[in-house]
2 protein chains.
Amino acid sequence: MTTPAPIRILVVDDEPQIRSALDVNLRARGYAVDLAESGEEALHRAAAHHPDLVLLDLGLPGIDGIDVVRGLRGWTAVPIIILSVRESEADKVAALDAGADDYVTKPFGMNELLARLRATLRRHQPEAPQPTVRTDDFVIDLAAKRVMRGEDDVHLTPTEWAIVEYLARHAGRLVTQRQLLQHVWGPQYESETNYLRVHLAAIRKKLEPNPSQPRYLITEAGMGYRFEL
Amino acid sequence: MTTPAPIRILVVDDEPQIRSALDVNLRARGYAVDLAESGEEALHRAAAHHPDLVLLDLGLPGIDGIDVVRGLRGWTAVPIIILSVRESEADKVAALDAGADDYVTKPFGMNELLARLRATLRRHQPEAPQPTVRTDDFVIDLAAKRVMRGEDDVHLTPTEWAIVEYLARHAGRLVTQRQLLQHVWGPQYESETNYLRVHLAAIRKKLEPNPSQPRYLITEAGMGYRFEL
DNA sequence: TTCGGGCGTAAAGATGCCGTTAAGACGTCT
DNA sequence: AGACGTCTTAACGGCATCTTTACGCCCGAA
């Protein structure tokens with residue numbers, strides 16, 4: 001298991017104190033921070049570094065903040081939170097309709113900003129990639145709970161699927177009978193090894209090219225089973 | 001192109017003037033509005049009607065607003081915008097971390113609220129990258145919340161639509177009864193599998209060419225259902 | 001070689017789930 | 001308040017699945 005990559009946040013503000021305050025607070029929470037002090041620099045750094053979220057001050061010298069929002073929205077859906085001293089409704093409406101995700105009025109509390117930041121990031125999390133286990137003869141789609149053998153799919157009963165899934169998630173490793181029994185049937189089933197024999201036979205009949213001589217679902221006599229890729 | 005279904009908004013507030021003001025303004029913008037004046041009613045109506053967005057007052061009699069957020073987040077990802085007189089950072093942080101999407105302090109400008117509402121709804125669109133799901137026999141228009149079978153459209157009840165939509169958005173994957181029950185009826189309905197049997201029968205009667213031998217809405221005995229394209 | 005434990009296979013019975021139907025409850029409009 | 005659409009609830013037959021039992025094989029140990 002690798003450590004997750006830090007979430008990258010681009011902070012855009014022309015006031016050095018605010019940049020610094022955000023930098024310190026965000027780094028303290030484990031975010032990676034990139035800083036920009038103008039709209040041009042913001043667009044440039046966003047294109048170069050692809051941040052996971054943008055904190056954007058509206059009152060920038062040069063390009064207006066709203067135009068930064070439009071510039072970003074032209075090519076990316078990165079979440080944008082506006083920081084601004086402007087309290088007027090018109091400004092908020094314009095920023096939000098330009099594509100900003102949230103609007104926080106300065107001065108703001110750091111805890112509120114962090115909470116809004118978490119809320120925004122939470123919404124933008126992409127779905128985890130769907131794991132599949134492939135062999136030469138069939139494909140196990142763990143997310144769809146489905147097994148494909150060539151073009152047509154193989155129908156597994158609930159118990160059969162539970163066994164296959166557990167073995168596939170521990171592919172290559174030896175799984176003891178007790179592990180399987182407890183995972184599929186519950187803690188009190190420790191010694192009903194005949195269940196396993198019966199169901200393994202059914203599974204092999206459906207998945208193995210030659211069920212009587214298993215290639216994938218290997219029996220380790222006296223110990224358990226092993227799913228060989 | 002068919003007329004898109006109106007966006008349904010659930011307004012939760014115990015003050016009649018605010019309910020009424022929101023009701024009028026939202027209807028004027030073409031939203032369909034559902035009203036609730038307590039947390040209990042909010043949870044109940046949300047489960048019954050599946051709104052597209054919830055406007056929630058924190059200062060409710062009975063259940064606290066935060067608990068309403070938690071109650072909803074237990075089973076649905078519907079966007080929630082908090083309306084509150086409480087300005088303290090702690091309240092905002094608590095609400096956002098409980099799963100709210102935005103926080104607006106009363107008194108608020110109607111235009112700002114509408115802009116935040118649009119921004120929140122826009123953000124939730126990416127969840128529907130495919131507006132239509134097509135089979136040989138019918139077309140599911142996820143945006144318009146409508147099903148067309150050939151030329152004429154099939155009328156689905158709210159519950160039926162909720163089931164079809166969930167299955168269509170997870171096309172090909174196996175959806176457990178528990179997933180469906182929690183998404184359609186709420187968290188406390190984990191074991192009422194007879195609901196599913198009854199409604200699936202009704203849906204099949206409307207969509208399947210041969211309802212007694214389903215081609216699209218496949219039952220996986222003991223596990224759940226699968227929408228086969 | 002003989003014996004016994006562990007395993008694979010097959011088939012029959014038991015179990016629980018699913019589809020179907022219909023009636024009553026509920027909520028929402030006119 | 002009444003009528004309509006919709007949801008809930010219960011009952012039942014049919015069927016998929018699981019359990020249980022029996023038997024034969026293989027292989028290592030005596």
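Order of the sequence lines fixes the chain letters, A, B, ..., with proteins taken first and strands second; residue numbering starts at 1 for each chain. Hydrogens, waters and symmetry mates are skipped; everything else that's a heavy atom, side chains included, is used. Because the structure is predicted, anything quoted here is derived from the model rather than measured.
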### Task
Check whether any side-chain N or O of B:Arg204 sits under 3.5 Å from a backbone N or O of B:Pro211 as a donor-acceptor pair, and report yes or no.
no
### Query
Counting only heavy atoms not in B:Arg149, do more than 12 fall under 6.0 Å of its CZ?
yes
### Query
Phosphate oxygens OP1/OP2 of C:dA10: is one of them under 4.0 Å from a side-chain N or O of A:Lys205?
yes
### Query
To the nearest Å, how far apart are B:Arg45 CZ and C:dC26 P?
16 Å
### Query
Does B:Thr219 or B:Asp34 map to a spot on DNA chain C nearer the 5' end, using the closest nucleotide for each?
B:Thr219
## Note on the structure
All heavy atoms of B:Ala100 vs all of B:Val69, minimum pair found to be N-CG1, 3.8 Å
Filtered N/O pairs between nucleotides 26-30 of chain D and protein, under 3.5 Å:
none

### Query
For the pair made of CG in A:Leu207 and C1' in C:dG8, what is the distance, rounded to whole Å?
17 Å
#### Entry: Between D:dC7 (C1') and B:Leu200 (CG): distance, integer Å
15 Å
### Task
Give me the ring orientation class for B:His50 and B:Trp75: parallel if the planes are under 30° apart, tilted from 30 to 60°, perpendicular past 60°.
perpendicular
### Query
Any side-chain donor-acceptor pair under 3.5 Å between B:Glu220 and A:His155?
yes
### Message
So does B:Thr120 get a backbone contact from the side chain of B:His124, meaning a donor-acceptor N/O pair under 3.5 Å?
### Response
no
### Task
Using modelled atom types only, decide if a donor and an acceptor are shared between the side chain of B:Arg122 and the backbone of A:Leu96 within a distance under 3.5 Å.
yes
### Query
Taking the inter-plane angle between the rings of A:His199 and A:Trp185 on a 0 to 90° scale, is it parallel (under 30°), tilted (30 to 60°) or perpendicular (over 60°)?
tilted
#### Entry: Under 4.0 angstrom between A:Ser212 side-chain N/O and C:dT9 OP1 or OP2
no
#### Entry: Aromatic plane relationship, A:Tyr216 with A:Phe138 - under 30° parallel, 30 to 60° tilted, over 60° perpendicular
perpendicular
#### Entry: B:Glu160 CD to D:dC7 C1', straight-line distance once rounded to whole Å
10 Å
### Summary
In whole angstroms, the gap separating C1' of C:dT28 from CG of B:Leu35 amounts to 14 Å
### Message
Quick check on C:dC7: is either OP1 or OP2 less than 4.0 Å from any side-chain nitrogen or oxygen of A:Arg204?
### Response
no
### Task
May I have the distance from B:His155 (atom NE2) to D:dC4 (atom P), rounded to whole angstrom?
15 Å
### Task
Using a heavy-atom cut-off of under 4.0 Å over every strand shown, decide if B:Gln177 touches base, sugar-phosphate, or nothing.
sugar-phosphate
Every protein N/O within reach of nucleotides 19-25 of chain D N/O, cut-off under 3.5 Å:
residue : atom : partner  : partner atom : Å
D:dT19  : OP1  : A:Trp185 : NE1          : 3.0
D:dT19  : OP2  : A:Trp185 : NE1          : 3.1
D:dT20  : OP2  : A:Tyr195 : OH           : 2.5

### Task
Would you kindly give the CE-to-P distance between A:Met223 and C:dC7, to the nearest whole Å?
11 Å
### Query
In whole angstroms, how far is the P atom of C:dG8 from the CD atom of A:Glu220?
11 Å
